[in-house]
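Everything below concerns the one structure shown next.
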Amino acid sequence: MSSSSSFILQPLVGGITSSVVFVLFWIIRDYFVVYPSSAIKNDAAEAWKWRNIYVSWIHAIICAILAVSSYFVHPELFYADLIDHVTPLTYLTVSFSVGYFLYDSVDIMMSRRTTEQWEVMIHHVLVLLMFILNMLTLQSIGINVVALLAEINTVCLHSRKLLHCCRVSLSSIHMVWSPYLLRRCPFGATGGVASRNTWTEDGLARLDRRDVVVRREDSAIIIR
């Protein structure tokens, strides 16, 4: 292991990284959050909800990139012993997430939403206990990176929430993409497994004519 790697793989460096990330997320929260409308910005409850999702979305994007990059840079993660495997990249990835989870926990408590967000607080406390312990012992960092791959799903989840807060009709998005996906996917839409012959061109034509009613409601196209 090189001297630079040995320097990075120290609890002190991990703690400094987490502290810097903690401060950076507070700066993003206070100065760089873009609100979709003045109505949301001026409503305390809606503004907090938007900020919380927005900052979590930014964390998810960065963390997903770091976690996926770890597998490209260190392909041995696919088969190595994840308990002992640790590199500067994976260590800093975990440190980065620790900084965010600390920020979000403090933000929830300072906003007096601990009772409302109790399940989130339980999640954060358990994750922080595990991640910090692993940072101190340099153990199971690889396992933590595997867990952080879930942030890929969080990116999609929070993107949907942000679109919902912006009053964007997701049905219109589904209307654009569904015909494309149905013609190329051998499985049924909305999670149900269908036979390969279910979504034929003729079947889609009948679906378009009889089963799908498109109407305009509140300036949004909705599929019923």
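The structure displayed is predicted, hence computed values, not measured ones.
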In this structure, CD1 of Ile65 is separated from CZ of Phe72 (nearest 0.5 Å) by 12.0 Å
Using a 3.5 Å distance criterion without hydrogens, assess whether the side chain of Tyr35 forms a donor-acceptor pair with backbone atoms of Asn42.
no
Rounded to the nearest 0.5 Å, what's the gap from NZ on Lys161 to OG1 on Thr154? Could you check?
9.0 Å
Strictly by salt bridge (Lys or Arg N to Asp or Glu O under 4.0 Å), give each pair with a member in residues 123-146 just once, sequence neighbours left out.
none
In Å and rounded to the nearest 0.5 Å, what is the CG to CD1 distance from Leu66 to Ile62?
7.5 Å
Checking side-chain contact (heavy atoms from CB on, under 4.5 Å) for the pair Asp84/Asp81: CA distance, chi angles, key distance, verdict?
CA-CA 6 Å; Asp84 295 324; Asp81 183 355; 3.4 Å; yes
Ignoring hydrogens and geometry beyond distance, is a side-chain donor-acceptor pair present between Ser105 and His124 at under 3.5 Å?
no
Which residue pairs satisfy the salt bridge (Lys or Arg N to Asp or Glu O under 4.0 Å) criterion with at least one member in residues 29-48, sequence neighbours excluded?
Arg29-Asp107
What distance do Thr93 atom OG1 and Leu148 atom CG have between them, rounded to the nearest 0.5 Å?
7.5 Å
Look at the rings of His59 and Tyr100 and say which category their plane angle falls in: under 30° parallel, 30 to 60° tilted, over 60° perpendicular.
parallel
So do the side chains of Ser56 and His158 get within less than 4.5 Å of each other, counting heavy atoms only?
yes
Decide yes or no for Trp50 and Cys166: does some side-chain heavy atom of the first lie under 4.5 Å from some side-chain heavy atom of the second?
yes
Between Val98 and Phe22, is there a side-chain heavy-atom distance shorter than 4.5 Å?
no
Within 6.0 angstrom of Trp57 CH2, more than 12 heavy atoms from elsewhere:
no
Leu82 vs Asn144 side-chain heavy atoms within contact, under 4.5 Å:
no
Sub-3.5 Å donor-acceptor pair from the side chain of Tyr103 to the main-chain atoms of Trp26, do we have one?
no
Hey, is the main chain of Ser95 close enough, under 3.5 Å, to the side chain of Ser18 for a donor-acceptor pair?
yes
For the residue pair His74 and Leu77, establish whether any side-chain heavy-atom pair is separated by less than 4.5 Å.
yes
Would you compute the distance between atom CD1 of Ile141 and atom CG of Leu89 and round it to the nearest 0.5 angstrom?
11.5 Å
Could you tell me whether the side chains of Thr90 and Thr87 share a donor-acceptor contact shorter than 3.5 Å?
yes
Is any side-chain heavy atom of Phe101 closer than 4.5 Å to a side-chain heavy atom of His123?
yes
